[in-house]
Each structure stands twice: as structure tokens, then as C-alpha cells.
2 protein chains.
Amino acid sequence: MVARRGRRNGARVDIDADNAPTAEMPAVTDGGADPVRVKSIPEAAVARLAVYLRVLSAMAEQGATTVASEELSAAAGVNSAKLRKDLSYLGSYGTRGVGYEVQVLVGQIERTLGLTRQHKVAVVGIGNLGHALANYGGFPGRGFPVEALFDVDADLIGVPVGGIPVSHVDDIPKVCAERGISIGVVATPPTAAQSVCDRLVSGGVQCILNFAPVVLQVPEHVEVRKVDLAVELQILSFHVARRADEKNGSHKVGNGMVVR
Amino acid sequence: MVARRGRRNGARVDIDADNAPTAEMPAVTDGGADPVRVKSIPEAAVARLAVYLRVLSAMAEQGATTVASEELSAAAGVNSAKLRKDLSYLGSYGTRGVGYEVQVLVGQIERTLGLTRQHKVAVVGIGNLGHALANYGGFPGRGFPVEALFDVDADLIGVPVGGIPVSHVDDIPKVCAERGISIGVVATPPTAAQSVCDRLVSGGVQCILNFAPVVLQVPEHVEVRKVDLAVELQILSFHVARRADEKNGSHKVGNGMVVR
DNA sequence: TATTGTGAATGCATTCACAGCC
DNA sequence: GGCTGTGAATGCATTCACAATA
């Protein structure tokens, strides 16, 4: 009776005896033209917004002025419903029957991601990877200028890499505070990573991008993201193995569940 | 009456009129000592298994023989319930009241992740990043030997990097097929990435790790993972912005929802 | 007693499908 | 007619909390 949508729908009913008064259903669709949008955006959506932004920028360069969700989502490698939901977190910036204005969307995503400010970056560990990072030349799409480099190696101190002289890791707190670094990139060997991280934090760095294969311990107010080559490869390895198992029929799993 | 667990529990009841016959509840706890484990392991858990593996290896090196979920989970940066659930996907290899044997766990995780096989790696694009990757020296913890390098630059062709001579990107299909490459790493500029990817695929590569800031289009049977510096930085930027908004009270959100 | 293993509950994320609008 | 915006539904992932057990 109640059931309508969905293919196999099981009329799930909430009885909820104690009518929980704690904020269930945000409900409020936001009073209107509020300037400072915050509203909780799902973490997963944030990551995709960055992808949409790049695709949109490319489209803008090629002269596109409007784009439909179907087209944009295909280029971004997601389905259109997901794209529309993601964009809806920013507000209503599309036109029904038409699509989105590329420039408007670019502006809104940039604002949401905080790309209107600049975020100064420090790279610690000027080995192969650190070198590569330092030379990225101001980092993707402007907005992330590299303003400090650090290493332990005495031979490197003072040597400019990508225009910036390398400082000693002991000076991390001082230099970071002075230059107002907000993002620290850890590209050191694993053994050094935690101590480097601690120094970055004491230098006032709020966010850390960690390439070292260790789990960094940080105070609550610091955000860490990890890029881990070994983990990525091992995940791929898992999928190779899974696929191999599928091919030869050697995985008669008890239940009906297919592995894919 | 039915409600027991959970702090604010709302006795959610399924009425489910049409008693869906499609595999609900896998139920079968796996007949017993099945050798070829497959069972569907959640993607998110797979990623964490790789982390546990590293932590366990470090512990083993320091002479630990057993470890409790509490200790291991702390070192891996997750909570203990999650750890135990993740490990339970492998089977029951712990001892109640004691913990897990480090060596046993290492072995089981390696088997599950397919790390008993070797996975030959090719790196395409020998720029700053490619160089860094090629020099990783056989890649993390053995098991991922780099066996081919490619670039377009005529000056690089034939030059050995990390012991392996660079080949031309045109030879990707041939060389990859010959050497049995199973993982391709794309470290080229974005414009070249898709064509490189296509050649890797036609060379029989099953998995691709993509460092180029583009969404690669691949056939269904190929697995792609993406490492995107710009996206990572922009996610961090979002959190900086969010945090800044929290500080000054400028985000009177309509509903009660706190942003954190 | 200490700690695993795991159903059940909660909480996110994705997808569906259609009303609303241009 | 076409496309957005979004409730509602489904499906994953995480967490709780306790029975099982060495």
C-alpha cells in the first residue's frame, strides 16, 4: 500500500517509541540567499567536487558555456544522479531543461572548497619524491604555492629547489610560523615522519598530506590525508587475485553470493 | 519490547510484504577449513588490511609474537571493533583472551591480498615523479618489481633508470605483453594519459595506478586507482575553510546541525 | 579474566524515480 | 521535451555490546 518506489521494496516502517527529539531530519532547506554557505557536505562529495572542478575548467577552456549533468558526469566518471546530488549541496545553480552554467559552477565549487584563499605549502623531505613535489611549480592550478622546503641532509641546506632554498628540519616550527604555512607535505622516510609531523604541528600547520608509510598521530584539530603507494598497489593486487579466482572456477563459495 | 541495544533505539521493524527470496543474509558461515577463501570482502576493509599488514610487519621485526586487537588497532589508527570485524573477513585466526599471532595474521593477510604472487610493474612517464617511482627500488616490500619503463622523450630512450632501460611509449603493448606486466603506473602529463592507458590495456595490463589528473576510460575488466595530488590538496583546503568558518561564528546554519 | 567474533543497530552514501520547472 | 533537484529507498560501512571461549 505504502510501498511504491524501488524494485524490491519492503515497506520499512519506523515505530520509534521515544520520538527522539535530537535533530533528526535537517528539514530546513536553508532560508534563502544566505551568503556564507556551510551546511554539512558529505566527505565523499567533497572529493568529487574537486574532480568536477577540473573537468569544468577544461570545458571552459574549450569554450563551453553550459553543460548538462549527463555530459559532466560522464566526463567525471560518475553517474548523473550522483553528480546532481553532489551539486545540490552547493545550492541550486542549474536551470531545468537546460543544464548548468560552467562559469557559475566553477565559481561555486571554488568557493565551497575554500579555493578563494591561498594555502601556503611546505614540503619536508627533498628526496626523489620531494623533488618532484617541489617542482610541481606552485602546485595544481595556483592557490597552493610552495613556500618552504626542509630536509636533514646538510648538503641540501641552502640549495634552492624550484626557486626555494632548503631549510633544516629543526627550523620547521619557526619557518612555518613565520611564513604562515597551512599545509605540510611529508615526503620523508617513515622513521622521520612522526617527528617531522610534530614539528609541523607546533609550527601551526593545520593540514598534513602524508606520503610516508606510517600512521601519523596528531592532535584533533589537525587534518591528515595519506597517500600510500604500497597500499594502492596491494589493493590492486587483491583485485588481480580476485579476478584470477573468478576465472578458474576454484571458488565454490558456500552461499550464493558472487564475488564480484 | 524488541528494542534492547543502542542508546537511542527506535525499534525499527521490517514488514516486508513480499518476502524477497533473493539472497538476503548470506547466513552460511562457510563450511569450515575451505582452502581457497574468496567470500566478498568490503572494499574499505581491503584498504585497511594493507595498513594492518605493515604495522604487523613492523611489530614482527621488533620481536612481537602476539598482539591484541586493542594494541594493533591503535597502531593502525582505527578502533578495535573495526579491526576485529576486518580480520573476521579472513576467518577466525585469533585466540579469545589472548589475541592474534602476528605471523599467522601476516600470512593470512598476504594470502588474501594476493601478495604470494609477484606483480610486475611498468612505469610510464619518466619525469620527476616517474623517476621517483622507478627508484623506489622494486617497490614496497618486494612483490612489485618494476620491470619496464616508458617515455616519449628520445633523449631518455635506452637510458637506464634504476637499472632498467627506458623504452618508447609506442612499444608499450609489445613490451608489456612480453614481460608479463600486470600493473601499469601512469605518471605522464594529463594529455598523454589516456593514450598511454589504452596501450597498457592492449598490452594485457589488468590494473592501472593513475597519477595523471584525468579520469581514464577503461574496459570493464581493468581496475583503475587514482592518486590525485590536486584533489588531496583541495580536500584539505575545504577543511581549512570549514574550520575557519567554525571559529568566527559566521555560519549560523538554519537547522541545529553542527558542521563538524 | 581478558579478548575475540559477530549479530544487530546505527549512520553514511548511492541510486531510483518523479515532481517541478524552464 | 528535457533536465534539474530531491525525497525516499536501497545498499554499504561502522559501531555497539555481549555471548562464546581460551
Side-chain angles (χ1 to χ4, degrees), chain A residues 2-16 20 22-30 39-48 66-73 78-101 104-105 257, chain B residues 2-16 18 20 22-30 40-48 66-73 78-101 104-105 257:
Chain A
V2 189
R4 293 215 287 86
R5 295 228 193 71
R7 294 145 309 173
R8 178 183 62 73
N9 48 20
R12 180 166 291 180
V13 176
D14 270 334
I15 293 183
D16 207 341
T22 34
E24 199 108 29
M25 294 259 115
V28 187
T29 324
D30 195 65
K39 205 80 151 294
S40 157
I41 300 177
E43 184 72 23
V46 172
R48 287 189 298 266
T66 65
V67 63
S69 66
E70 203 63 57
E71 187 187 354
L72 179 51
S73 67
V78 302
N79 71 37
S80 63
K82 195 189 281 182
L83 172 85
R84 290 200 301 279
K85 173 127 325 204
D86 287 346
L87 293 183
S88 79
Y89 296 123
L90 313 185
S92 280
Y93 297 105
T95 310
R96 288 161 200 244
V98 180
Y100 302 88
E101 272 191 58
V104 172
L105 228 43
M257 285 249 85
Chain B
V2 189
R4 294 218 284 89
R5 296 231 191 69
R7 293 146 310 175
R8 177 182 62 72
N9 48 19
R12 180 167 292 177
V13 177
D14 270 334
I15 293 182
D16 207 341
D18 56 340
T22 35
E24 201 109 29
M25 294 258 115
V28 187
T29 324
D30 193 66
S40 157
I41 300 178
E43 184 72 22
V46 171
R48 287 190 298 265
T66 64
V67 63
S69 65
E70 203 63 58
E71 186 186 354
L72 178 51
S73 67
V78 302
N79 72 35
S80 63
K82 195 188 281 182
L83 171 86
R84 290 199 301 279
K85 178 136 303 214
D86 287 345
L87 293 184
S88 79
Y89 295 123
L90 313 186
S92 280
Y93 296 106
T95 309
R96 291 165 200 242
V98 180
Y100 302 89
E101 271 192 60
V104 172
L105 228 42
M257 285 248 86

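Below, chains carry the letters A, B, ... as their sequence lines are ordered, and counting in each starts from 1.
Put simply, CD1 on A:I41 is 16 Å from C1' on D:dG5, counting in whole angstrom units. Atom P of nucleotide D:dA22 and atom CD of B:E101 are separated by 15 Å, given to the nearest angstrom. Rounded to an integer number of Å, the gap from OH of A:Y93 to C1' of C:dC21 is 18 Å. Atoms CZ (B:R84) and C1' (D:dC18) sit 11 Å apart, rounded to a whole Å. Spacing between atom CD of A:E70 and atom P of D:dG2 amounts to 13 Å, rounded to whole angstrom units. Atom P of nucleotide C:dA13 and atom CG of A:L83 are separated by 17 Å, given to the nearest angstrom. In this structure, A:E43 atom CD and C:dT14 atom P are separated by 11 Å, rounded to whole Å. For the pair A:Y89 OH and C:dC12 P, the interatomic distance rounds to 12 Å; values are reported in whole Å.
Closest heavy-atom contact between B:A68 and B:V98: CB-O, 4.3 Å. Across all their heavy atoms, B:G94 and B:Y100 have their closest contact at CA-CD2, 3.4 Å. Contact between A:N79 and A:K82 at its shortest, heavy atoms only, is OD1-N, 2.9 Å.
Applying the 3.5 Å distance criterion, the base of C:dT3 shares no donor-acceptor pair with the side chain of B:R96.
Looking at the side chain of A:A68, the nearest of the listed nucleotides C:dT14, D:dA13, D:dT4 is D:dT4. Each of D:dT15, D:dT4, C:dA17 was ranked by its minimum atom distance to the side chain of A:A81; first place goes to C:dA17. Side-chain proximity of A:K85 to the nucleotides D:dG5, C:dT14, C:dG5 is greatest for C:dT14. Nearest nucleotide to the side chain of A:A44, out of C:dA13, D:dA13, C:dT15: C:dA13. When the nucleotides D:dA13, C:dT6, D:dT15 are ranked by their closest atom to the side chain of B:S88, C:dT6 comes out on top.
Side-chain N/O atoms of A:Y100 include one lying less than 4.0 angstrom from OP1 or OP2 on D:dG5. Within the 4.0 Å cut-off from OP1 or OP2 of D:dT14, not a single side-chain nitrogen or oxygen of B:N79 is found. In terms of phosphate contacts, A:S69 brings no side-chain nitrogen or oxygen within less than 4.0 Å of OP1 or OP2 of D:dC3. For A:R48 and C:dA13, the shortest distance from a side-chain N or O to OP1 or OP2 is not below 4.0 Å.
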### Task
Starting from the C-alpha separation in whole Å, work towards a yes-or-no answer on side chain to side chain contact (heavy atoms under 4.5 Å, CB included) for B:L105 and B:L72.
CA-CA 11 Å; B:L105 228 42; B:L72 178 51; 4.1 Å; yes
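Positionally, the nearest nucleotide of DNA chain C for B:G99 lies more toward the 5' end than for the other of B:G99 and A:T95. Between A:V98 and A:D86, the residue whose closest nucleotide on DNA chain D is further toward the 5' end is A:V98.
The side chain to side chain donor-acceptor pair (under 3.5 Å) check on A:S73 picks up nothing, with sequence neighbours excluded.
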